[in-house]
Amino acid sequence: MTGLIAFREIVLKVHSRCDLACDHCYVYEHADQSWRARPKVISPGVVSQTASRLAEHARDHAIPSVTVILHGGEPLLAGPARLRLVCEEFTRALAGTAALDLRIHTNGLQLSPRYLDLFAEYGVRVGISLDGDRAANDRHRRFADGRTSHPLVLAAVALLRSEPYRHLYQGLLCTVDVANDPVAVLDALVELEPPRVDFLLPHATWQTPPVRPDGAPDAYARWLLRVFDRWEQLERPVPVRLFESLLSTLRGGPSLTESLGLAPTDLVVVETDGTLEQVDSLKSAFEGAAATGFNVFDHAFDLVAAHPGVRARQLGLAGVSGTCRRCPVVRSCGGGLYTHRYAEDADTGGSFDHPSVYCSDLRELVDGVEGRTAARETAPELADAGALARSQEELTRVLLARLHADLGRDADWARAWELLAAVEGAGEAGADALDAVLDHPFTRTWVLEALEAVREGRADGPGAARRLAALSAAAVLRGGLDLPAEVAYRDGEVYLPTLGLLRLGEPGTDGRAALHHTGEGYAVRDGRTEHRFGPAAGDARWLPVRSWSPGPGAGPVALEDLDPYRNCFARPPRLRLGAGEADAWRSRLDAAWALLHRTVPAFARAAAAGLSTLTPLAGGPRAQGWGEAGRHGPGALGVPYAAGVRETALALLTGRRRARLRALTEVADLYALDGAWQHPSPWRTRPVPVSRLLADVHERVAVEAYRRATTTHEPDGADRIHRALDRLSGAAELTVTGKRLVEELRWELKAADA
């Protein structure tokens, strides 16, 4: 069957009874009482057949690893002999097919060295249920006669923490009760040094809502936020999966728990009689809510995957209620645990197409965690131009290392790579020279195109090796290093990134030449002949990269019309500018830059930051006169050569805005699930994804400021931007960094208003 979920986790009920009488247990105290008709202990036949079914499923879906959680009731009541059989059967069945991760979830009362020795033999990790200190634990986790279980659980944890069993300690699971002291609960759990703590909301539905002693709709959020505050105060001494999942989704990452987020479920439950069921918590909804009608003897796991109840939990955003889809925190809360959405209604009799019964709590919890951590969790690249530049530099190096992994066996590539390494090891001068050529914006263009060629199976290894050799040689010359640098030229010429174009032969000729630094300039040896070239040589065969200065306080900007990889822009660049054309373009750039500094000085300073390369583009400006952002490193910008001063100023301004946003999206998560929602745009006839709306606003703020300062603004320009910003503020896709960027845009617009 295609399009079905592959189960990577099974919960195996090895015993259906328990030695505690917890009054909040979903198995025994809630709507579904099917446990009464099931065998107490799983049979050898069910164990063997389940192991075979899982191995079959793993083979069919090429699953690299599977997790098997031994559960109950209380799984230790099955006894060491039956648990050994389980470990043996699953280990045997999965051998050579998939890695096996065995776990057990227990109340710990029966835990002893005989069990832990068995678990150590098979690598079974142990999680223990404990609701906190003695007062908290005794509120629900008691024996049938009312006796406390707390001392026995602490003894079990102490044994598990001791050598040689410490490595089996998986963590503690705590069910929330708002009547307990949240600080005392966390302190008691932290004292036991668990590898992880899981806080679970008590299972409830709209028909059987959770207990709220003070009647407050956010009582559970307030309790958990007090735990969060204490966790922060203690400097996060142990991982807490609930909080780490929220922090992950707020940054744009995945959910780390089934109870939150939009990730599809990949779990199936096997009861002691071999019955296959959906997730166990559904027993809280109604009798038979978890049933599928399948069993391990007659049915493959794929049939369970096709069950409507299971498929409903694979839909992600489409699987939550309409109310949830419109909520800005749905990426983090995911509509809450599926079970907690159940409500009876007149149309269907009962369904899960509702917000969670903990909806108010979840909204308050997500907002509370975000409010407490947004300043720290925001990507530093947003506020720090230096951090953005460093992240971009690192990105280029990572991509180059990936290309080396693909092409490193090529002899020409290996020689050039060895020279690159020698440059890097040649002290400060070598490191600075290497930084300069790697940070050349079109180095990124070359690396990306070469990686794409490798991925598509196109033979571009020789071209990549030639560029790497030229790049290494340019670093040698820039650093004035005494290193041999050989380049391969094609069609009579070779481009040395950041330096210029060297003509070594007639058009149509290929060959090799050795380059070196002379102390005053550069020299090339081709056979027995040596020619000097470079800044002072005056050789007509040498075409240097021209430069332009945006003004005081700004570094030189290359006017790049030589690099063959400058063709990454949306429009074709011009050919080499003549001397007169270059001077004329510099004059227009000077005038445009002066205009920006007079009218929008703050935007002008931001535009100058990081600008390293301008490429003249053929043709006049577009209707808006905006600069072109292409597939390159963040320092480059393509500007129409024939544009007038005002259009050139706008091109510089908006092009740099595009480049900055593009650079941010490459190293920081501004949004997640782009395209899952469509948003109305004040500038477009059809709704757009959040990425497009954010890009439009990011540019329009600068355009509005410029047009106001030059008296060419649109009458409703600011109103349109405000509407778009309001829409973005409520967008569920934005991460904490994306929201911070929206607030930054608001401040920029206010400054323009002022």
Begin with the C-alpha distance, continue with both residues' side-chain angles, and end with the deciding distance and a verdict on side chain to side chain contact (heavy atoms under 4.5 Å, CB included) for E381 and R390.
CA-CA 9 Å; E381 291 85 356; R390 289 189 295 274; over 6 Å; no
Tell me the salt bridge (charged side-chain N to carboxylate O under 4.0 Å, His left out) pairs involving residues 477-497, sequence neighbours left out?
E486-R512
Check: E581 side chain, G578 main-chain N or O, donor-acceptor pair, under 3.5 Å:
yes
Determine yes or no for a side-chain-to-main-chain donor-acceptor pair under 3.5 angstrom, with T443 supplying the side chain and V437 the backbone.
yes
Grab the two heavy atoms, one from L250 and one from S332, that are nearest each other, plus how far apart they are.
CD2-OG, 3.8 Å
Would you compute the distance between atom OG1 of T615 and atom OH of Y641 and round it to the nearest 0.5 angstrom?
14.5 Å
Charged N-O contact under 4.0 Å between E704 and R708
yes
Before you tell me yes or no, could you show the steps for T735 and D669 under side-chain hydrogen bond (donor to acceptor under 3.5 Å, both in side chains), namely the whole-Å CA-CA distance, both residues' side-chain angles and the distance that decides it to 0.1 Å?
CA-CA 7 Å; T735 65; D669 290 317; over 6 Å; no
Short N-O contact, D435 and R397, less than 4.0 angstrom
yes
How many angstroms lie between atom CG of D412 and atom CG of L407, to the nearest 0.5 angstrom?
11.0 Å
Plane angle bin for H440 and F442 - parallel if under 30°, tilted between 30 and 60°, otherwise perpendicular
perpendicular
Does a side-chain N-to-carboxylate-O contact under 4.0 Å join E748 and R657?
yes
Apply side-chain hydrogen bond (donor to acceptor under 3.5 Å, both in side chains) to R660 and H698, showing your working.
CA-CA 10 Å; R660 185 236 183 177; H698 192 265; 3.2 Å; yes
Pair R723 + D719: basic N to acidic O under 4.0 Å
yes
Just verifying a value: how many Å separate Y671 OH and L693 CG, rounded to the nearest 0.5 Å?
11.0 Å
If the threshold is 4.0 Å, N to carboxylate O, is there a salt bridge linking R331 and E733?
no
What one should report as the nearest heavy-atom pair of V697 and L725 is CG1-CD2, 3.5 Å
Working for side chain to side chain contact (heavy atoms under 4.5 Å, CB included), residues V476 and V423:
CA-CA 7 Å; V476 168; V423 170; 3.6 Å; yes
Look at the side chain of T737 and the backbone N and O of A379, then say whether any donor-acceptor pair between them is shorter than 3.5 Å.
yes
Could you list the residues that satisfy side chain to side chain donor-acceptor pair (under 3.5 Å) with H517, not counting sequence neighbours?
none
Given side-chain hydrogen bond (donor to acceptor under 3.5 Å, both in side chains), test T613 with E560 step by step and report yes or no.
CA-CA 6 Å; T613 305; E560 181 59 84; over 6 Å; no
For a salt bridge (Lys or Arg N to Asp or Glu O under 4.0 Å) check, start with the C-alpha distance between E377 and R251, then their side-chain angles and the critical distance, and finish with the verdict.
CA-CA 7 Å; E377 296 293 329; R251 290 190 298 262; 2.7 Å; yes
Using 0.5 Å steps for rounding, measure from the OG1 atom of T249 to the CG atom of L256.
8.0 Å
Return yes if a side-chain donor-acceptor contact under 3.5 Å exists between R444 and Q392, otherwise no.
yes
Do the side chain of S472 and the main chain of A416 share a donor and acceptor less than 3.5 angstrom apart?
yes
Judged by modelled atom types alone, do R532 and T518 share a side-chain donor-acceptor pair under 3.5 Å?
yes
Is it the case that the side chain of R656 and the backbone of A607 share a donor-acceptor pair, with hydrogens and angles ignored and the cut-off at 3.5 Å?
yes
Quiz question: by atom type and distance under 3.5 Å, do the side chains of R746 and S729 form a donor-acceptor pair?
yes
Could you tell me whether R692 and D696 have a side-chain N and a carboxylate O separated by less than 4.0 Å?
yes
I'd like to know if K739 and E370 make a salt bridge, using a cut-off of under 4.0 Å between side-chain N and carboxylate O.
yes
Do you see a donor-acceptor pair shorter than 3.5 Å between the side chains of R727 and H679?
yes
Please check if the side chain of S248 supplies one atom and the backbone of E244 the other of a donor-acceptor pair under 3.5 Å.
no
Y522 vs W542 aromatic rings, parallel, tilted or perpendicular, using cut-offs 30° and 60°?
perpendicular
Mark yes or no for whether T665, through its side chain, and R662, through its backbone, hold a donor-acceptor pair below 3.5 Å.
yes
To the nearest 0.5 Å, what is the distance between CG (D563) and OG1 (T445)?
7.5 Å
D510 and R466 ion-paired at < 4.0 Å
no
From T509 OG1 over to L504 CG, what is the distance, rounded to the nearest 0.5 angstrom?
8.5 Å
Correct closest heavy-atom pair for S681 and V688 would be CB-CG2, 4.0 Å
Report yes or no: is the cationic atom of R467 (NZ for Lys, CZ for Arg) under 6.0 Å from the centre of the six-membered ring of Y565, at an angle within 45° of the ring normal?
no
